[in-house]
Amino acid sequence: QVQLVESGGGVVQPGGSLRLSCAASGSIFSIDAMGWYRQAPGKQRELVAGINSGGSTNYADSVKGRFTISRDNAKNTVYLKMNSLKPEDTAVYYCNADYVEGRPYRYLEIWGQGTLVTVSS
C-alpha cells in the first residue's frame with residue numbers, strides 16, 4: 001500500500017524557519033511530480049510549491065523567495081524549507097505526489113495526512 005508520511009510541522013515564531021518532509025513508500029515504480037499544498041481555516045486549499053521529476057519548480061507568489069521545495073529521488077522524499085515565516089503562513093500543509101504504481105502499472109495521485117504549521121508569537 002502506497003502512502004505519504006509527513007513530518008516537520010509545529011509552532012514557530014514569526015521570522016523563524018521550519019523544514020517539512022514527506023516520504024513516499026509502497027509499491028512505487030516511479031514518482032512524477034510532488035508538491036506541497038496548504039489550507040488555512042475558512043480558506044480553500046492552495047498550491048504552495050511543486051517540483052517535477054526533472055527538478056523544475058513552481059511557487060505560489062505568496063511564498064516566492066521564502067520557501068524552497070526539493071526532492072531526494074533515492075529516498076522518494078520531498079522537502080519544503082520555509083524561511084521568514086509569517087502568521088499568514090499558518091495552515092495545515094499537505095504533501096501530494098503523482099506516481100506510477102508497479103505491478104500492475106497505473107498512474108495515481110496520493111495525498112499525505114497533513115501537518116499543522118503555526119506561526120505565532
Side-chain angles (χ1 to χ4, degrees):
Q1 184 74 13
V2 175
Q3 63 177 356
L4 299 180
V5 179
E6 298 169 303
S7 62
V11 180
V12 65
Q13 294 183 345
S17 299
L18 283 176
R19 185 184 186 231
L20 306 183
S21 299
C22 174
S25 63
S27 183
I28 301 171
F29 179 76
S30 64
I31 299 178
D32 186 12
M34 302 187 79
W36 289 95
Y37 292 71
R38 68 185 181 188
Q39 187 167 23
K43 297 183 178 180
Q44 296 186 165
R45 186 175 299 187
E46 64 174 349
L47 175 67
V48 177
I51 184 168
N52 67 15
S53 60
S56 296
T57 59
N58 181 263
Y59 298 92
D61 288 340
S62 60
V63 306
K64 286 182 179 178
R66 299 189 297 120
F67 291 10
T68 302
I69 187 171
S70 62
R71 63 192 291 171
D72 185 334
N73 292 331
K75 297 180 179 180
N76 285 336
T77 300
V78 64
Y79 306 93
L80 185 67
K81 185 65 169 67
M82 304 182 293
N83 295 323
S84 302
L85 283 163
K86 305 174 181 179
E88 308 90 88
D89 296 318
T90 296
V92 177
Y93 285 71
Y94 298 90
C95 178
N96 171 271
D98 297 320
Y99 70 99
V100 177
E101 185 180 58
R103 302 191 186 93
Y105 297 103
R106 54 181 181 169
Y107 195 75
L108 300 170
E109 179 183 73
I110 190 170
W111 291 86
Q113 79 286 354
T115 184
L116 178 63
V117 172
T118 302
V119 184
S120 176
S121 60

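Note that the structure is predicted; figures quoted are calculated from it, not measured.
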> Taking all atoms of both residues into account, what is the closest heavy-atom pair of Ala33 and Arg71, and its distance?
Replying inline: CA-NH1, 4.3 Å
> Around atom CZ of Phe29, are there more than 12 heavy atoms of other residues, nucleotides or ligands at under 6.0 Å?
Replying inline: no
>> Here's a test for you: under side chain to side chain contact (heavy atoms under 4.5 Å, CB included), which of Ile69, Leu20, Asn96 qualifies with Val78?
In response: Ile69
> Under the side-chain contact (heavy atoms from CB on, under 4.5 Å) criterion, do Trp111 and Arg45 qualify, and how do the steps go?
Replying inline: CA-CA 12 Å; Trp111 291 86; Arg45 186 175 299 187; 3.4 Å; yes
> Which pair of non-hydrogen atoms, one from Ala49 and one from Leu80, has the smallest distance, and what is that distance?
Replying inline: CB-CD1, 4.1 Å
> Of the non-hydrogen atoms in Gly112 and Tyr94, which two are nearest, and what is the gap between them?
Replying inline: O-CD2, 3.8 Å
>> I'd like to know if Asp61 pairs up with Lys64 as an ion pair, taking the criterion as any Lys NZ or Arg NE/NH1/NH2 lying under 4.0 Å from an Asp or Glu carboxylate oxygen.
In response: yes
> Going only through I, L, V, M, F, W and Y residues with side-chain contacts under 4.5 Å, is there a path from Tyr37 to Ile31?
Replying inline: no
> Which atoms form the tightest heavy-atom contact between Ala91 and Leu116, and what is the distance?
Replying inline: O-CD1, 3.6 Å
>> Between Val48 and Val117, is there shared hydrophobic-cluster membership here, with clusters defined by ILVMFWY side-chain heavy atoms closer than 4.5 Å?
In response: yes
> Counting N and O atoms only, with roles assigned by atom type, does the side chain of Arg38 sit under 3.5 Å from a partner on the main chain of Thr90, one being a donor and the other an acceptor?
Replying inline: no
> Counting N and O atoms only, with roles assigned by atom type, does the side chain of Thr57 sit under 3.5 Å from a partner on the main chain of Ile51, one being a donor and the other an acceptor?
Replying inline: no
> What pair of heavy atoms forms the shortest contact from Ile110 to Val2, and how long is it?
Replying inline: CD1-O, 3.2 Å
>> Could you see if Leu85 belongs to whatever hydrophobic cluster contains Val63? Use Ile, Leu, Val, Met, Phe, Trp, Tyr and a side-chain cutoff under 4.5 Å.
In response: yes
> If every non-hydrogen atom of Ile28 is compared with every non-hydrogen atom of Ala24, which pair is closest and at what distance?
Replying inline: CD1-CB, 3.7 Å
> Step by step, would you call Met82 with Val12 a side-chain contact (heavy atoms from CB on, under 4.5 Å)?
Replying inline: CA-CA 11 Å; Met82 304 182 293; Val12 65; over 6 Å; no
> For residues Asn76 and Tyr99, is any side-chain donor paired with an opposing acceptor at under 3.5 Å?
Replying inline: no
>> Over 60° means perpendicular and under 30° means parallel, so tell me whether Tyr93 and Phe67 are parallel, tilted or perpendicular.
In response: tilted
> Is atom CD of Gln13 surrounded by more than 12 heavy atoms (other residues, nucleotides or ligands) closer than 6.0 Å?
Replying inline: no
>> Any side-chain to backbone donor/acceptor pair from Glu101 onto Leu108? Under 3.5 Å, distance only.
In response: no
>> Please check this pair: side chain of Gln39 against backbone of Val92, looking for a donor-acceptor N/O pair closer than 3.5 Å.
In response: no
